[in-house]
Amino acid sequence: MDLAAATTTTLVPCLRYRDAPAAIDWLCRAFGFQRHAVYQDGTTVHHAQLVFGNGMVMLGSVQPGAWGSHMIQPDEVGGMQTQSTCVVVSDADAHYARATAAGAEIVIDIADQDYGGRGYACRDPEGHLWWFGSYDPWKAQAT
């Protein structure tokens, strides 16, 4: 039985931000995301969908509740994270230039990778960790 839905993408990272409206603006400006949907009441973002190619991230404001009670922000744990979002880009150097111009904190400088492609890691203004690179795991040779 195939449990995956027949849709554009079946994995969608979800993030929470203290200042979600500012995060949405920054993610679009710095990383090239586009607003797909934003459901907002004043400064509280209840749900937002940002797209990049055929990928998507969903995000919302930090708030109490069933989902929020299971989440913690990077600054509450010394910036450490148990997962990150990896985004495949067509030109890692151009993306790196755009992100650094917008003030992204680079944590791993751009470089060619031993497994193929070129990429870098950075943090957004609220400390979430991102990887951007040209390596496409869908086109990689299985070993």
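Reckoned from all heavy atoms, side chains included, excluding hydrogens, waters and symmetry mates. From a predicted model like this one, the values you see are computed outputs, not experimental measurements. One-based numbering along the sequence shown.
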Notebook entry, point to check: Transitively linked via ILVMFWY side-chain contacts under 4.5 Å: Val38 with Met56?
Noted result: no
Item checked: Side-chain heavy atoms of Tyr96 within contact of Ile106, under 4.5 Å -> yes
Next item on the list: Flag yes if more than 12 heavy atoms outside Gln113 fall under 6.0 Å of its CD atom; otherwise flag no.
Entry: yes
Note to self: For Arg29, is there any backbone N or O sitting under 3.5 Å from a side-chain donor or acceptor partner on Arg98?
What the structure shows: yes
Note to self: When you compare the side chain of Phe31 with that of Val57, does any pair of heavy atoms fall below 4.5 Å?
What the structure shows: no
Check: In Å, rounded to the nearest 0.5 Å, how long is the span from CG of Asp75 to NE2 of His128?
Finding: 9.0 Å
Notebook entry, point to check: Linking I/L/V/M/F/W/Y whenever their side-chain heavy atoms sit closer than 4.5 Å, directly or via other members, would Val51 and Met58 fall into one cluster?
Noted result: yes
Margin query: Can you confirm whether Ile110 sits close enough to Arg118 that some side-chain heavy atom of one is under 4.5 Å from a side-chain heavy atom of the other?
Written below: yes
Next item on the list: Could you pull out all residues at least two apart from Ala37 that satisfy side chain to side chain contact (heavy atoms under 4.5 Å, CB included)?
Entry: Tyr39, Gln49
Next item on the list: Ignoring hydrogens and angles, tell me if any N or O in the side chain of Gln81 forms a donor-acceptor pair with the backbone of Leu129 under 3.5 Å.
Entry: yes
Next item on the list: Can you run down the ring-ring contact (aromatic ring centres under 6.0 Å, His included) pairs that involve residues 98-117, sequence neighbours left out, and say none if there aren't any?
Entry: Tyr115-Tyr135
Check: Would a 4.5 Å heavy-atom cut-off, applied to side chains only, mark Val88 and Pro137 as touching?
Finding: yes
Checklist line | NE2-SG distance between His47 and Cys14, expressed to the nearest 0.5 angstrom | finding: 8.0 Å
Margin query: Does Glu76, at its CD atom, have more than 12 non-hydrogen atoms belonging to other residues, nucleotides or ligands within less than 6.0 Å?
Written below: yes
Check: Does Val45 offer a backbone N or O that forms a donor-acceptor pair with the side chain of Ser61 under 3.5 Å?
Finding: yes
Item checked: 4.5 Å side-chain heavy-atom contact, Glu126 and Arg16 -> no
Next item on the list: Sequence neighbours left out, what pairs pass ring-ring contact (aromatic ring centres under 6.0 Å, His included) with at least one residue falling in residues 49-83?
Entry: Phe33-Phe52
Next item on the list: Step by step, work out the side-chain contact (heavy atoms from CB on, under 4.5 Å) result for Arg35 and Leu50.
Entry: CA-CA 5 Å; Arg35 289 167 179 83; Leu50 305 181; 4.0 Å; yes
Margin query: For a quick check under 3.5 Å, do Trp26 and Asp124 share a side-chain donor-acceptor pair by atom type?
Written below: no
Margin query: For the backbone of Gln73 and the side chain of Arg18, can you confirm whether one donor and one acceptor N or O come within less than 3.5 Å of each other?
Written below: no
Check: To the nearest 0.5 Å, what is the distance between CD1 (Ile108) and CZ (Phe132)?
Finding: 13.0 Å
Margin query: Looking at every non-hydrogen atom in both residues, tell me the closest pair between Gly133 and Ala92 and how far apart they are.
Written below: CA-CB, 4.4 Å
Notebook entry, point to check: Nearest 0.5 Å, what's the CE-CD distance between Met71 and Gln63?
Noted result: 11.5 Å
Margin query: Angle between ring planes, His95 versus Tyr120, binned at 30° and 60°: parallel, tilted or perpendicular?
Written below: tilted
